[in-house]
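Read the structure below first, then the notes.
Naming convention: chains lettered A, B, ... in sequence-line order (proteins, then strands); numbering from 1 in each chain. These numbers were taken from a predicted model, which means no experiment stands behind them.
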Amino acid sequence: MPVKKRVGLDRVQELYENRDMRAKELKAEGRTVMGYMCCLAPLEIMSAAGIVPIRILGNVKEPVTRADAHIETIACPYVRSCLDIALKGKYDFIDGLVVPHTCDNTYALYAIWSSGIVPITPKYHHYIDGPHMTFPTSVEYFDVELGRFKESLEEFTGNKITNQKLTNSIRLYNRNRALLRELYGLRKQGPPLLTGTEMTKILVACRVIPVEESNELLGEVIAEIKNRRAIPTPKTRLLVYGGEIDDTALIELIEESGANVVVDDHCLGVRSFWHDVQVDKNLIHSLGARYILNVACPRTYKQRERGYKEAMDNRFGYLMEFAKEYKVKGVILYIIRYCDTFELDAPGVREYFQKAGYPVLHIEDDYSVTTIGQLKTRVQAFLEMID
Amino acid sequence: MVEKSKTTAVHSSETVRKIRFFSRNIHDKANKAKAEGRPVAYCMGGCAYHEILEAMGVTSVYTEHYGGVCAAYRVSEPYLIRAESEGYANNLCGYCRNTIGFDIVRQELGHMPEDAPDGGIPAPDMLLSCSAGCDHRYKWYQATGRYWDIPTFSFDVMQIPPFDTDIKAIKPYVMKYQVEQFQRLIDFLEKLLGKKMDWDRLAYLVKRGNESLWTWYSAYLLRKHHPSPMPSEDHFSAIVPAVFDLASRETLAFYRELYGELQFKVDHNKGVLDQEKYRLLWAGGLPPWHTMAIINYFETFGAVFVMEASDYGPWPFFDVPKGMTNPLEILALRTWCQRVEYWEDAKKGCGHSRVQRILNRIEEYDIDGCMMHLTRSCRYQSLGQIHFNNLIQKYVNIPLMFMESDIVDVRDYNEADTKRRVDAFMETVDSFKRKGGRQATARR
Ligand code: SF4
Ligand code: SF4
């Protein structure tokens, strides 16, 4: 009897549990698979070259045992986790590694992973230098870097990335973004049509399959959710802001404590997909502008034109908008220890929300199920305080 | 067991001894500028803008420097705690936590804290940061902006490119962008101060800055001598003029004097120790400003840190091409040359320029052992040390120890544990030396 293809949320669950499953199948079919870090990697260019980009995820459930022989314990624990599971063979199937310049931690990780002295160095590795500033010339600088990246992929794959291919690819990703935004829209109502835990699984699933499949899957998921009978019970509505969240452990703990996580801004969430890429004459420039100007990551610096208050509005106004639009009652800051960019912003973000009347819980965590588990009492107390 | 020396008299540099006053003078100049109503900026090392600020009449206060000074006087702790109580994580850069805490305490008191070393630093009129090196460099003043609601500007300054970069391909646009970024800083300052850049003065200051850096560089080549004329504890003081006061006349005078002193010592075979038994390399990490005396503990074994391979080092010579007259281009070229200094060697060698710097210095300075300081609050200087060691050992079999503490936060330092590590390390260095010293490994 043929195995029935799983669809919708069922398929999401399957991909969430077996994150390398699809990439390995595609690899067996002869496709080139590349791992990438962070929200600054231009996936459109990779897909246009016929590559399957998959996001390098860590594993909060896996204790770090191998990475310590290569990277210091004061590194971001997410980065340590990625290296650790890679050293354990988890990413053996990737043909290439793409790391954009995000932070000191990914810079260090790239040097190790692609050094050739660890057994995991893939055939192809490329570092994209992203400027931290957002001047027009910074975007131009990034354009040149993207152009070089494109050429190097062409050389590696032997596939010419034509304008047409890039246009198609951008359209596919914009479609993906639109679908994700639509899905987020289903969380605006009270109660939300899907839980934060479900959303986390969907976000993970979408990052480990090709964009065409991701679009198809999202279509199925949206239809399924729109038609569902049993909707989540209304609880305290929260926004979660922070770094890498690629496991349900934290969101589940929050939701089990009596909340609905209805919107987020973290590395797999809103930050990675909210803004489209414009399809116009200079596609590389459109990509450059989107990744440098629109990815609201603390690693990207927005000039401060006027006073502090205006600067905060300029940097975090979008987040406040989300809070209002999604009618949240409180905000949780999930900051990964040793992530300096987020840690330096966190007290300011906390104050920004508190001044606007939102209770804020500022969590500093080690990106591990054990430490996440210990947050239960604090989360419960926070929710009691809101109620 | 490795023996401790009977006499541990350390002959430090006479020139470097003056740094206390030099450093004090930097802060005096800033406090005076403030009192006289001249603009003062909070600044960061590595942004390569010192001459630009000086030419615009802006007095710079390097907040990293002040962090180090506070640590050396061991007055940082209350500042660190104050910053942490605001929600700044206790693993953020010690310089940064120190100064944020200092700013808060000063604002709360309404005057300079009484125990502020060097009479304190003045309240800034602007915050000028950049993206060179670490993430703190452009994030720190965003945080500081909560306490100082004053004009703020940040710009890009190139990083050390990752080891596998094709530097010939990137040089043209990296340089172009760098020059443009400096120009943007000037535009910002001109608008803010309502005055124009004095380009002739800038050209003059850049030229003098180059000369200071090159004199410093030449002086350090003399440290190859046996016995070494100058130890790392002096180096970490000798960086002050170049990193925090590059444009001044006094800085050039300082390095000239240092050069003269080291040349004299080399000519007369005067070493740091009367009996230099082991030559060590400070192979990475920043100094533990709170406990610099730990370096003397190595000296009790007859070991001298004769050289460093950290990013706080002298900048290399470079040729200013004929016809290059724009001082911003020269500044960009200077920065470029520093960032890619060991590139060509690395291509022929281990592949990684920062590691190649260590490997080269091990040979050139005839090193018996290396030490890296894992600075808990500085990811930029600390991440990669284990990897570097793994790579080093592929090329040369040499003892290497890791010391763990922090630049500023003495709470991260355990003296007994550190000394135990040093004891064990010196045993290894000694036994290596007895067996003929460091050995090139097969891959070299
Ligand atoms: S979580 Fe922070 S430190 Fe870690 S990779 Fe992301 S930006 Fe870098
Ligand atoms: S390099 Fe390290 S010590 Fe220096 S400012 Fe950055 S984080 Fe702090």
Sidechain-backbone polar pair: B:Arg379 side chain, A:Ile74 backbone, donor-acceptor under 3.5 Å: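 Between the backbone of A:Ile74 and the side chain of B:Arg379 there is a qualifying donor-acceptor contact (under 3.5 Å).
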
Donor-acceptor under 3.5 Å (A:Gln303 side chain, B:Phe153 main chain):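 No.
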
Which of A:Met312, A:Glu145, A:Lys309, A:Glu305 touches chain B most, by non-hydrogen pairs under 4.5 Å: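 Winner by heavy-atom pair count: A:Glu145.
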
For chain B, the option from A:Arg315, A:Arg337, A:Arg306 that forms the most heavy-atom pairs under 4.5 Å: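 Winner by heavy-atom pair count: A:Arg315.
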
Over 12 non-hydrogen atoms of neighbours within 6.0 angstrom of NZ in A:Lys88: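 Yes, NZ of A:Lys88 has more than 12 neighbouring heavy atoms, counting only those of other groups under 6.0 Å.
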
Which atoms of [X] are under 4.5 Å from chain B, going by heavy atoms: the side chain, the backbone, both sets, or neither?
X: A:His132; value: both
X: A:Ala311; value: neither
X: A:Ala346; value: neither
X: A:Asp68; value: backbone
X: A:His101; value: side chain
X: A:Ser138; value: both
X: A:Tyr338; value: both

Of all of [options], which one pairs up most often with chain A through heavy atoms under 4.5 Å apart?
options: B:Thr152, B:Val174, B:Leu92; result: B:Leu92
options: B:Ile160, B:Asn389, B:Ile100; result: B:Ile160
options: B:Pro162, B:Cys378, B:Gly87; result: B:Pro162
options: B:Ser129, B:Gly145, B:Ser131; result: B:Gly145
options: B:Asn390, B:Thr165, B:Leu127, B:Asn91; result: B:Asn91

Interatomic distance, [X] atom [atom1] to [Y] atom [atom2] [nearest 0.5 angstrom]:
X: A:Leu344; Y: B:His136; atom1: CG; atom2: NE2; value: 4.5 Å
X: A:Tyr141; Y: B:Gln181; atom1: OH; atom2: CD; value: 10.5 Å
X: B:Leu383; Y: A:Leu109; atom1: CG; atom2: CG; value: 10.0 Å
X: B:Tyr380; Y: A:Tyr107; atom1: OH; atom2: OH; value: 5.0 Å

Do [X] and [Y] come close enough that some side-chain heavy atom pair is under 4.5 Å?
X: A:Pro298; Y: B:Lys139; result: yes
X: A:Glu140; Y: B:Tyr173; result: no
X: B:Phe163; Y: A:Tyr110; result: yes
X: B:Tyr88; Y: A:Glu343; result: no
X: B:His387; Y: A:Trp113; result: no
X: B:Glu404; Y: A:Glu72; result: no
X: B:Tyr177; Y: A:Met133; result: yes

Non-hydrogen atoms of chain A under 4.5 Å away: do they reach the side chain of [X], the backbone, both or neither?
X: B:Ile150; value: backbone
X: B:Thr375; value: backbone
X: B:Pro151; value: neither

B:Asp135/A:Arg299 ion pair, N-O < 4.0 Å: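 Not counted as a salt bridge, because no side-chain N and carboxylate O are separated by less than 4.0 Å.
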
Short N-O contact, B:Arg137 and A:Asp340, less than 4.0 angstrom: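 A salt bridge is absent here (no side-chain N lies under 4.0 Å from a carboxylate O).
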
Test side chain to side chain donor-acceptor pair (under 3.5 Å) applied to B:Asp156 and A:Tyr301, step by step: CA-CA 10 Å; B:Asp156 271 317; A:Tyr301 185 95; over 6 Å; no

side-chain contact (heavy atoms from CB on, under 4.5 Å) evaluation trace for A:Glu351 with B:Glu86: CA-CA 10 Å; A:Glu351 180 186 59; B:Glu86 290 275 301; over 6 Å; no

Heavy-atom closest pair, residues B:Leu391 and A:Ile117: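 For B:Leu391 versus A:Ile117, the nearest heavy atoms are CD1-CG2, 3.6 Å.
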
Check: B:Tyr141/A:Arg304 side-chain N/O donor and acceptor closer than 3.5 Å: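 The criterion, which ignores hydrogens and geometry beyond distance, is not satisfied for A:Arg304 and B:Tyr141.
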
